[in-house]
Amino acid sequence: MDLTRVKTRRTAVRISHGAAINRLRDAGLRWKSSGGCANRRLHHCTSLQSVRTATIAKIIDLKRDSGCTIMVTGGTEAGHMPGRYSHEHGYKLDISLSPCIDRHITTAYPRIGTRYDGSPLYKSSDGTIFAKEPDHWDILFR
């Protein structure tokens with residue numbers, strides 16, 4: 001059998017809500033739920049159940065690179081737009097707006113346009129896309 005033409009398959013490693021929260025806390029990030037809950041099936045909760053480990057690693061990198069306090073407010077819970085690279089599939093997180101993180105994103109990364117809903121878009125060199133919504137940053141980590 002000729003294995004030179006076989007492509008390796010990259011699968012996303014996913015972790016539990018508790019493991020994700022522990023990693024965030026250990027790195028100095030915060031997490032909050034407006035509903036005071038972590039049930040993935042309820043849109044008013046904030047859940048990190050089945051988030052990709054790469055997504056958690058990249059939000060930690062953002063904190064380190066920016067030097068800003070980061071508050072995660074949205075994860076894999078119901079109520080977000082569906083799609084391959086979605087909140088549901090562990091590729092996206094929402095974080096609170098703050099003068100520090102707003103300044104970092106808008107100065108460190110080039111603006112690449114405007115999303116369908118009017119949100120300005122910024123993109124890092126690693127492909128992370130930041131959408132500035134009226135009350136939070138919607139971030140796609142690829």
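Sequence positions, counted from 1, serve as the residue numbers for this chain.
- Closest approach of Ala131 to Leu121, counting heavy atoms only: CB-CD2, 3.6 Å.
- A side-chain donor-acceptor contact under 3.5 Å links Asp138 and His87.
- Looking at Ser33, its side chain never comes within 3.5 Å of a backbone N or O of Ala38 through a donor-acceptor pair.
- Between His80 and Ser86 the shortest side-chain heavy-atom distance does not fall below 4.5 Å.
- Under the 4.5 Å side-chain criterion, counting only non-hydrogen atoms from C-beta, Leu93 is not in contact with Lys58.
- A donor-acceptor contact shorter than 3.5 Å links the side chain of Thr76 to the backbone of Ser47.
- Taking the six-membered ring for Trp, Tyr85 and Tyr91 have ring centres closer than 6.0 Å.
- Shortest non-hydrogen contact noted between Ile101 and Cys68 is N-SG, 3.4 Å.
- The hydrophobic cluster containing Ile95 also contains Ile60, counting ILVMFWY residues as joined when their side-chain heavy atoms lie under 4.5 angstrom apart, directly or transitively.
- Leu24 and Leu140 sit in two unconnected hydrophobic clusters of ILVMFWY residues. Membership requires side-chain heavy atoms under 4.5 Å apart, directly or through other members.
- Only one option out of Tyr109, Tyr122, Phe130 pairs with His104 in a ring-ring contact (aromatic ring centres under 6.0 Å, His included); it is Tyr109.
- No donor-acceptor pair under 3.5 Å is formed between the side chain of Arg142 and the backbone N or O of Ile129.
- The pair Arg64-Asp61 counts as a salt bridge, with a side-chain nitrogen and a carboxylate oxygen less than 4.0 angstrom apart.
- Scanning all heavy atoms of the two residues, the minimum distance from Asn39 to Arg41 falls at OD1-N, 2.8 Å.
- Screening Val72, Ile21, Thr69 for a side chain to side chain contact (heavy atoms under 4.5 Å, CB included) with Arg30, the sole residue that qualifies is Thr69.
- The shortest side-chain heavy-atom distance between His89 and Arg52 does not fall under the 4.5 Å cut-off.
- Annotation for Asp102 and Thr106: closest pair O-OG1, 2.8 Å, computed over non-hydrogen atoms.
- In this structure, Leu29 and Arg23 have side chains that are not in contact, with every pair of non-hydrogen atoms separated by 4.5 Å or more.
- Of the possible donor and acceptor atoms, none in the side chain of Ser50 sits under 3.5 Å from a partner among the backbone N and O of Arg14.
- Identified under the ring pair (Phe, Tyr, Trp, His ring centres under 6.0 Å) test for residues 26-67, with sequence neighbours left out: His17-Trp31.
- At distances below 3.5 Å, at least one donor-acceptor pair connects side-chain atoms of Thr46 with backbone N or O atoms of Lys32.
- The CG atom of Asp135 lies 7.5 Å from the OG1 atom of Thr73; values are rounded to the nearest 0.5 Å.
- Of all non-hydrogen atoms in Gly90 and Val51, the two that sit nearest each other are O-CG2, 3.8 Å.
- A continuous path of Ile, Leu, Val, Met, Phe, Trp and Tyr side chains, each step under 4.5 Å between heavy atoms, connects Leu97 with Ile139, placing both in one hydrophobic cluster.
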